Amino acid sequence: MSSILLIVLMVALMYFFMIRPQQKQQKKHQSMMSQLKPGDHVVTIGRLHGVVAEIDQQKRTVTLDCEGVYLVFDLGAIQRVEAQATEAPASAADAEAEAEPTAKADAEQPAEPEEAAPAEKASEDK
């Protein structure tokens, strides 16, 4: 009877220490892959860093732009996403409009005259 209890205990420990964490990791990876989009910076299982250029869900492949070299990988080859793509302004005019208020604010503030350090003043007196 005690040997059966020992076997059941070992199976339960194996489940909680090996199988369950692996299932959680697989779910996390699957959710990461479902959120993958062009422009994301990724790292493959071979430690190749690149930017997602295209995703083909039919063939389950992803095309990475590695400094002008386009490589096609299986979706399973993506290990992690380094940085999500950010939404860029729709046009150059929008980008200028966003940068313009800060440029105006900088231009409106008068420049303060720089004071010479005490050591510089002493050398000027001599």
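Because the structure is a prediction, the values reported are computed rather than measured.
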Taking side-chain hydrogen bond (donor to acceptor under 3.5 Å, both in side chains) as the cut-off, I'd like each qualifying pair that reaches into residues 40-54, sequence neighbours left out, listed once.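 Those involving residues 40-54 are R47-Q79.
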
Starting at [atom1] of [X], measure out to [atom2] of [Y] and round the result to the nearest 0.5 Å.
X	Y	atom1	atom2	answer
Q25	Q22	CD	CD	7.5 Å
T61	F73	OG1	CZ	11.5 Å
Q35	K37	CD	NZ	7.5 Å

Pairs meeting criterion salt bridge (Lys or Arg N to Asp or Glu O under 4.0 Å) with involvement of residues 57-83, two or more places apart: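 Output for this query lists R80-E82.
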
Hphob cluster co-occupancy, [X] + [Y], side-chain heavy atoms under 4.5 angstrom:
X	Y	result
V43	Y70	no
V42	L71	yes
F16	I19	yes
V69	V51	no
L48	I45	no

Residue pair V62 / V72, side-chain heavy-atom distance below 4.5 Å: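 A side-chain contact under 4.5 Å is absent here.
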
Is the shortest heavy-atom distance from the side chain of Y15 to the side chain of Q23 under 4.5 Å?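 In contact.
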
How is the hydrophobic cluster of L13 composed, in terms of its other members, when Ile, Leu, Val, Met, Phe, Trp and Tyr link through side-chain heavy atoms under 4.5 Å apart, directly or indirectly?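 Members besides L13, by chain and number: L9, F17.
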
Indicate the atoms forming the closest heavy-atom contact of A53 with P38, along with that distance.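 Minimum heavy-atom separation between A53 and P38: O-CB, 3.9 Å.
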
Residues in side-chain contact (heavy atoms from CB on, under 4.5 Å) contact with M33, at least two apart in sequence or another chain: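 Counting only residues at least two positions away or on another chain, M33 forms a side-chain contact (heavy atoms from CB on, under 4.5 Å) with H29, L36, L75, I78.
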
